[in-house]
Amino acid sequence: MPARLALGPLGLPGLTAWAGLGLAGLRAGERLVVSAAAGTVGAVAAQLGLARGARVLGITAGAKLDYVLGELGLPAAVARDAPDFRARLAAALPEGLDVYFDNVGGELLDAALDHLRPGARVVLCGMIAQYDAAERPPGPNLGRVIAARARLLGLVVYDHLGRLPEFLAEALPLWRAGRLRCAERIFAGLERAPEAFAELLSGRSHGRLLVRVGEEGAE
């Protein structure tokens, strides 16, 4: 197994996805919606959900739909940048959602809250939409959470580091069977780290971005 996988699907990003699904208590047959489904955490969360028998819907940029539906094998996905995004999301969730794994916040979180089923769980993992914002955006209307008797669950992966062996016991067999995938792009040289970080925040990339600081092949 390449050591660099410890920086992606079999490392902290993968553990983050696994821990979030554990907090939510995802069950087979439930509807799981994952935002930023083309990123490392989102991709692992979606694929673990599939492996557990959930009905999975990914949210991603339109340019990444082929990757999410093809390489990751998700049965359904919605383009977050489509002009009629909210209408498409509603059409894809006629019965609502049971678990929303949120990596983005902002408009996507607000849209997802419209579709909470009674007892739904929302895992708050990341806030991509506001990482580079000059001011804190207004929060969503939480009346929908009350109406659905839903739960909002804050996720910090460092609380779950001691459970890494449990995660790997589930994830490694899936990776070996080709059911846990994640694209990667490698930038050669530490001097390219700012470029890689800017690419990460731009939303144009999918999968994981790595910076190689040693000799090629030492990974």
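With values rounded to the nearest 0.5 angstrom, Leu210 atom CG is found 8.0 Å from Thr40 atom OG1. If you take CG on Leu153 and OH on Tyr100, they are separated by 14.0 Å, rounding to the nearest 0.5 Å. Interatomic distance, Asp110 CG to Asn141 CG, rounded to the nearest 0.5 Å: 8.0 Å. Here the CD1 atom belonging to Ile186 is positioned 4.5 Å from the CZ atom belonging to Arg212, to the nearest 0.5 angstrom. Rounded to the nearest 0.5 Å, atoms CG (Asp98) and CZ (Arg121) are 6.0 Å apart. For the atom pair CG (Asp84) and CG (Leu89), the distance works out to 11.0 Å, reported to the nearest 0.5 Å.
The nearest pair of heavy atoms linking Pro140 to Arg144 is CB-NH2, 3.9 Å. Here the shortest heavy-atom pairing between Phe85 and Arg80 reads CD1-CA, 3.6 Å. Scanning all heavy atoms of the two residues, the minimum distance from Ala17 to Ala45 falls at CB-N, 3.4 Å. Minimum heavy-atom separation, Ala193 to Val211: CA-CG2, 3.9 Å.
Proximity of Met127 to Val104: side-chain heavy atoms (C-beta onward) are nowhere separated by under 4.5 Å. Here the side chains of Leu172 and Leu180 are not in contact, with every heavy-atom distance at 4.5 Å or above. Considering only heavy atoms from C-beta on, Leu113 comes within 4.5 Å of Val122 through its side chain. No side-chain heavy atom of Arg151 sits less than 4.5 Å from a side-chain heavy atom of Leu116. Side-chain contact between Leu108 and Ile128 is absent, with no heavy atoms from C-beta onward closer than 4.5 Å. In this structure, Leu32 and Leu26 have side chains that are in contact, with non-hydrogen atoms separated by less than 4.5 Å.
Within a 6.0 Å radius of CZ in Arg86, more than 12 heavy atoms belonging to other residues, nucleotides or ligands are found. Around CD of Glu191, the count of heavy atoms belonging to other residues, nucleotides or ligands within 6.0 Å exceeds 12.
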Problem set entry | Intermediate values then yes/no, side chain to side chain contact (heavy atoms under 4.5 Å, CB included), Leu161 and Leu12 | CA-CA 8 Å; Leu161 292 179; Leu12 281 185; 3.4 Å; yes
For this session: Go through the steps for Leu10 and Val44 under the test side chain to side chain contact (heavy atoms under 4.5 Å, CB included), then give the verdict.
Result: CA-CA 9 Å; Leu10 299 180; Val44 174; over 6 Å; no
Problem set entry | Test log, rule side chain to side chain contact (heavy atoms under 4.5 Å, CB included), inputs Arg179 and Gln47 | CA-CA 7 Å; Arg179 299 173 60 196; Gln47 291 172 96; 6.0 Å; no
For this session: Determine, step by step, whether Val34 and Asn103 satisfy the side chain to side chain contact (heavy atoms under 4.5 Å, CB included) criterion, reporting the C-alpha distance in whole Å, the side-chain angles of both residues, the deciding distance to 0.1 Å, and the verdict.
Result: CA-CA 8 Å; Val34 181; Asn103 293 299; 4.2 Å; yes
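Cluster membership for Phe167 and Val157, using ILVMFWY side-chain heavy atoms within less than 4.5 angstrom, is shared. Each of Ile146 and Leu109 belongs to its own hydrophobic cluster when Ile, Leu, Val, Met, Phe, Trp and Tyr are linked at side-chain heavy-atom distances under 4.5 angstrom. Connection of Leu69 to Leu72 is not established within any shared hydrophobic cluster, with ILVMFWY side chains joined at heavy-atom distances below 4.5 Å, either directly or through further cluster members.
Exactly one of Val33, Leu124, Leu23, Leu155 qualifies for a side chain to side chain contact (heavy atoms under 4.5 Å, CB included) with Phe101. That residue is Leu155.
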In residues 48-62, what donor-acceptor pairs under 3.5 Å come from side-chain atoms, sequence neighbours left out?
{"residue": "Arg52", "atom": "NE", "partner": "Glu170", "partner atom": "OE2", "Å": "2.9"}
{"residue": "Arg52", "atom": "NH2", "partner": "Glu170", "partner atom": "OE1", "Å": "2.9"}
{"residue": "Arg52", "atom": "NH2", "partner": "Glu170", "partner atom": "OE2", "Å": "3.4"}
{"residue": "Arg55", "atom": "NE", "partner": "Gly29", "partner atom": "O", "Å": "3.1"}

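Partners of Arg163 according to the salt bridge (Lys or Arg N to Asp or Glu O under 4.0 Å) rule, which considers only residues two or more places apart in sequence or in another chain, are Glu166. Arg27 is linked by a salt bridge (Lys or Arg N to Asp or Glu O under 4.0 Å) to Glu30, counting only residues two or more places apart in sequence or in another chain.
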